[in-house]
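Working notes for the structure below.
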Amino acid sequence: MKKKRLAAYIAVSVFVSVFAVISGFSQEDVTTVHDSAFRRMMRPAVRFLHDDHNEKAEIEECSVCHHSYDAMGRKLEDESSEDMACSECHTLKNVDDPVPLIRVYHLQCKGCHLEKNAGPVMCGECHAN
Amino acid sequence: MAEPALKEESREIFDEGLNRGIEKLTSEKIEQVINAVLEDETGARLKVYVDTCVHCGLCSEACHFYVSFREPRFSPAGKVKQTLWEMLKKKGKVSPEFIRRASEIASTECNLCKRCSMYCPFGIDVAYLMLVVRRICHKLGVTPQYIQDTAHSHSATFNQMWVKDDEWIDTLMWQEEEAQDEIPDLRIPLDKEGADVFYSVIGPEPKFRAQLIYQAAVIMDAAGINWTMPATPGWDNSDMCMYTGDNEMMGRLKKAHFESAMRLKAKRIVMGECGHAFRSIYDMGNRWLAWQMPPIPVTHAIEFYYELFREGKLKIARKYETPVTLHDPCNIVRGRGLHEMARYVVNEVCEEFVEMHPNREHNFCCSAGGGVINCGPPFRNKRVEGNKAKADQLFDAKARGAKTLIAPCHNCHGGLEDIIHHYGLGLELKFLGDIIYECMEKGQGSEM
Amino acid sequence: MQTLYNFVSGPLVWLSFMIFIGGSLYRLISMAVLAKKKDPLVYVYMDWYYALRSIFHWIIPFGSENMKKRPVMTLVTFVFHICLIGIPIFLFAHVILWEEAWNISWWFISDPVADIMTLAVIASCIFFLVRRLVLPEVRYLTSYSDFVILAIVAVPFITGFWAYHQWFGYRLMLILHILSGEIMLAAIPFTRLSHALFFPVTRGYMGSEFGAVKNAKDW
C-alpha cells in the first residue's frame with residue numbers, strides 16, 4: 001500500500017520535473033509565469049499561454065514585453081531579452097523581500113492590461129487557485 | 001376585593017415642582033429653551049460626547065441605580081438616551097410630559113457621581129450631560145420642589161436652610177457656650193481678620209447638626225489653630241443651585257463665599273465634612289466665576305485632619321475600639337483624591353479598619369449626592385431602593401466585622417442613614433469628626 | 001466588470017481617502033475651534049501628562065477596572081480592534097497594491113495569519129451583534145444605525161475573506177470588497193465610527209480632569 005503510494009509520488013515528481021525542464025527550454029509550451037528568484041510563492045503561479053496571449057493581443061515584436069535597456073537606462077528598441085528571466089536585470093536587493101520583483105511583474109502585465117483596457121486585472125483573475 | 005392592578009401612570013411620583021412646573025409650558029417655549037441652552041451654553045464637549053458614544057452599554061455596571069434595579073433605563077447611557085438624545089433628535093420639539101420625565105431622570109435618578117466616566121472607555125462625562133439636562137429644566141421652571149426650595153433659600157438668604165443672619169451668629173455663640181462647659185476658655189472666633197483658617201460649613205449644620213460646629217471648635221482649639229468663622233452671609237459653603245442648574249446663582253453663592261474669606265484676609269478656607277460643597281468651591285463654582293482654581297486655597301476637613309495628625313497637632317487619648325468601615329464620598333475622592341488621607345486619619349484614630357469593596361475611586365455612590373436627597377420625600381424610596389448595591393456592599397463589610405460606618409460627607413450621611421434603616425443593616429453611622437472628637441486629647445491647644 | 005473594477009480601485013479609492021482624511025481633519029479641527037469658542041475650559045484643564053496616563057491605561061488590555069470585570073468583552077474588543085486596524089494595513093495583497101501604485105512597501109502579515117485575523121474580526125462582529133440583541137442594557141441603547149455601522153465594518157472583511165479564497169462570484173465579491181472598504185473609510189469621520197478620532201480627546205480630557213484637578217485615577 002505504502003509502496004504503491006511512493007511510486008505514484010515518484011512518477012508525478014519525475015513528470016513534473018521533466019515538464020518543467022522542457023517548458024524552460026521551449027517557448028511554445030510556456031503555461032505559467034515562473035521565476036526562480038521567488039523563493040517562496042505567496043500566490044498560485046499565473047497561468048499564461050504565451051502564443052495565445054500574443055495572438056489575442058496582436059503582439060508581434062518580442063521586445064514589447066521582453067524589453068531591453070542599456071547600462072545608461074535607455075531602452076534599446078531593436079533588442080529583446082526573451083532568453084532572460086526578469087530577475088536577471090530586476091535583481092532583488094534582499095532575496096527575502098520579493099515585493100519589488102512582484103511589482104515589476106505586476107506593472108508588466110497588469111499595467112499593460114489597464115492601459116489597453118483588456119485582459120485580467122483583479123488579483124484572482126491571474127493568480128487563480 | 002381584589003386591588004386594581006397598578007397602572008403605569010399611577011406609579012408616577014407626584015412632585016409639586018415637576019407637576020405644576022409643566023402646566024405652564026408650551027411647545028414653543030420648550031423648543032426655544034432647549035435650543036437656546038444647546039446653542040448658547042454647550043459646544044464641542046456635548047457634541048463629541050453624543051457622537052462618540054457607541055451605545056456599548058459598558059457604563060451600566062458603574063451606576064448603583066442600574067446595579068440595584070437591573071433595568072436598562074437606569075444605566076448612564078440609558079438616561080442620556082431618554083433625555084438629551086431625544087432632545088437633540090427632535091431638535092427641541094418635545095412635550096411638557098417629556099420635560100417632566102427628563103427633569104425627574106436628571107435630578108433624581110443620577111447623582112452626578114462620575115463613576116461612569118471611569119467605566120466608559122471614552123471617558124464620556126455623563127454627569128456633565130445630566131447637568132445640561134438639569135439646566136434646561138431649570139430654565140423651563142421644572143425642578144423638583146424640595147431642591148428648588150433650597151435653591152430659593154440660597155438666593156434669598158445666601159444659605160441653604162433659610163437661616164437668618166442673626167440665627168447664624170446666635171448658633172455659633174450657643175455652641176461656643178456649650179463647649180465652654182467642657183473647655184472653659186474655648187472660643188469660636190467670629191469675623192476675625194488675618195486668621196490662618198476660615199472655617200465654613202453647610203447650611204444644615206447650624207440648622208440640624210450644631211454639635212458638628214461644637215466638635216470642630218474643640219478640634220481647632222486642641223490643635224491650636226488660629227481660626228475664624230464669618231458672621232456674615234457667605235458663611236454657607238453649600239450649593240444646591242449648582243445641582244438645580246441655576247448656574248448664575250451658583251456663581252453668586254461662591255463669590256459671596258470666597259469674598260467673605262478674602263474680606264477677613266484669611267490664609268485659606270477649611271471646610272467641614274461635606275462633599276457637594278467641596279465640588280462647588282473647588283470644581284464648579286470657581287469655574288463659573290472664571291477661576292481656574294479657587295482664588296483662595298481650599299482644604300477639605302479630611303485633608304485638614306490629615307495635616308493635624310501628620311504634624312502632631314492632634315493627639316489621640318484612646319483609639320476608637322469598634323471596628324469601622326469607610327465610605328469614600330465621590331466629590332472628595334473621585335473629586336479630589338482624598339481617599340488615602342482619609343485612611344491615614346482613620347488608622348490614626350481607630351483600632352480596626354475594615355475596607356468595603358469596591359473602594360476608593362471605585363466606591364459606589366450613596367445615592368443621596370448630586371442633590372438627589374434634596375429632592376425630598378417624594379423620591380426617597382426610589383433613591384433607597386435604587387441603592388441596594390450600597391446595602392450589599394455595606395452588608396459585606398459588616399459581615400467582615402465592621403460595626404461603625406464612617407461617612408465624611410453630609411449628603412452621604414443622609415443617604416446612608418436611610419439605607420441602613422431600610423435594609424436593616426444595624427451599622428452605626430459617624431462623621432470622621434465625631435470619632436476624632438470622641439477619642440482625642442482635648443483642651444491642651446490653648447495652653448500652648 | 002473590468003470598468004467597474006477600474007472605477008472602484010481607481011477614482012473611488014482617491015475619493016474615499018480624501019473623504020476620510022479631509023473629513024477627519026475637518027471634524028477634529030472644527031471641534032477644536034468650537035471648543036475654543038464654547039468650551040475654552042477644555043484647553044485650560046487639558047494636561048498632557050495626565051491625558052496620556054489615562055489613554056495608556058485604556059489602550060492596555062485589562063488596564064481598567066471595567067475591563068477586568070468583563071474579560072470576554074475585553075478580549076474580543078482588543079482582538080477586534082487590533083485585527084481591524086492591522087489587516088487593512090499589513091495584508092500582503094494590500095501592501096502589493098501600495099507598492100504597485102506608489103512604489104512604497106512595508107512589512108506584511110503572512111496570509112494564513114491574516115486569514116485567522118479576518119475570521120476573528122468577523123467573529124467579533126457576530127459577538128457584538130449577539131451582545132446587542134441579547135443584553136438588555138445594550139439593546140435598550142440600540143438604534144437602527146448601530147446595525148448599519150456594524151455592517152459597514154463587517155462587510156469589507158466578509159467580502160475580503162470570500163475574495164481571497166476565490167469562491168464563486170469572485171469578481172463581484174472583490175468589487176464589493178473594495179467598495180465596502182471605501183464606504184467604511186469614508187464613514188469614519190461622519191458616523192459613530194468617529195470614536196476612533198475622538199477617543200484620545202475624550203479620554204485625555206477626562207484623564208486630565210481626574211489627574212490634574214481631582215488627583216484621582218480614572219480607570
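Proteins come first, then strands; the chains are lettered A, B, ... in the order of their sequence lines, and each starts at number 1. This one's a predicted model, so the numbers in the text were calculated from it and none came from an experiment.
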Atom pair [atom1]/[atom2] of [X] and [Y] - distance to nearest 0.5 Å:
{"X": "L25(C)", "Y": "F20(C)", "atom1": "CG", "atom2": "CZ", "answer": "9.5 Å"}
{"X": "L193(C)", "Y": "I152(C)", "atom1": "CG", "atom2": "CD1", "answer": "6.5 Å"}
{"X": "L172(C)", "Y": "H177(C)", "atom1": "CG", "atom2": "NE2", "answer": "13.0 Å"}

Among [options], which has the most heavy-atom pairs under 4.5 Å with chain C?
{"options": "G78(B), C56(B), C53(B)", "value": "C56(B)"}
{"options": "C59(B), A77(B), A62(B), A290(B)", "value": "A77(B)"}
{"options": "V54(B), V50(B), L46(B)", "value": "V54(B)"}
{"options": "G57(B), P72(B), P358(B)", "value": "P72(B)"}

Using non-hydrogen atoms only, which part of [X] is less than 4.5 Å away from chain B: side chain, backbone, both, or neither?
{"X": "V42(C)", "value": "side chain"}
{"X": "M73(C)", "value": "side chain"}
{"X": "F199(C)", "value": "both"}

Less than 4.5 Å to any heavy atom of chain C: does that hold for the side chain of V333(B), its backbone, both, or neither?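 Answer is backbone: N, CA, C or O of V333(B) sit under 4.5 Å from chain C.
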Taking all non-hydrogen atoms of both residues, which atom of P88(C) and which atom of C83(C) are closest, and how far apart?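 Shortest heavy-atom contact: CD-O, 3.9 Å.
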Smallest separation among heavy atoms of C125(C) and V153(C), with atom names: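 Taking every non-hydrogen atom into account, SG-CG1, 4.4 Å.
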Within the structure provided, determine whether I19(C) and E182(C) are in side-chain contact (heavy-atom separation under 4.5 Å). no
Quick one: are I60(C) and M67(C) in side-chain contact, heavy atoms under 4.5 Å? no
Qualifying residues under side chain to side chain contact (heavy atoms under 4.5 Å, CB included), relative to L91(C), sequence neighbours excluded: I87(C), A93(C), H94(C), A114(C)
Considering residues at least two apart in sequence or located in another chain, which fulfil the ring-ring contact (aromatic ring centres under 6.0 Å, His included) criterion with Y164(C)?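 By the ring-ring contact (aromatic ring centres under 6.0 Å, His included) rule, Y164(C) matches no residue at all.
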Under the ring-ring contact (aromatic ring centres under 6.0 Å, His included) definition, can you give me all pairs with a residue in residues 116-139 of chain C, not counting sequence neighbours? F80(C)-F128(C)
Taking atom types as modelled, which donor-acceptor pairs link chain C and chain B at under 3.5 angstrom?
unit_1	atom_1	unit_2	atom_2	d
R27(C)	NH2	D51(B)	OD2	3.0
K38(C)	NZ	E39(B)	O	2.4
D39(C)	OD2	A44(B)	N	2.8
D39(C)	OD2	R45(B)	N	3.0
Y45(C)	OH	R287(B)	NE	3.1
Y45(C)	OH	Q292(B)	O	2.6
N66(C)	ND2	L58(B)	O	2.9
N66(C)	ND2	Y119(B)	O	2.9
K69(C)	NZ	Y119(B)	OH	3.4
R131(C)	NH1	C56(B)	O	2.9
R131(C)	NH2	C56(B)	O	2.9
R132(C)	NH1	H55(B)	O	3.0
R132(C)	NH2	V54(B)	O	2.9
R132(C)	NH2	H55(B)	O	3.2
E137(C)	OE1	Y66(B)	OH	3.2
Y140(C)	O	K81(B)	NZ	2.9
Y140(C)	OH	Q82(B)	NE2	3.3
L141(C)	O	H55(B)	ND1	3.2
D146(C)	OD1	H55(B)	ND1	3.0
D146(C)	OD2	H55(B)	ND1	2.8
T202(C)	OG1	F122(B)	O	2.8
R203(C)	N	F122(B)	O	3.3
R203(C)	NH1	C120(B)	O	2.6
R203(C)	NH1	P121(B)	O	3.1
R203(C)	NH2	S117(B)	O	3.2
E209(C)	OE1	R287(B)	NH2	2.9
E209(C)	OE2	R287(B)	NH1	2.7
E209(C)	OE2	R287(B)	NH2	3.4
V213(C)	O	Y282(B)	OH	2.7
K214(C)	O	R336(B)	N	3.3
K214(C)	O	G337(B)	N	3.0
K214(C)	NZ	D283(B)	OD2	3.0
K217(C)	N	E361(B)	OE2	2.9
W219(C)	O	H362(B)	NE2	2.8

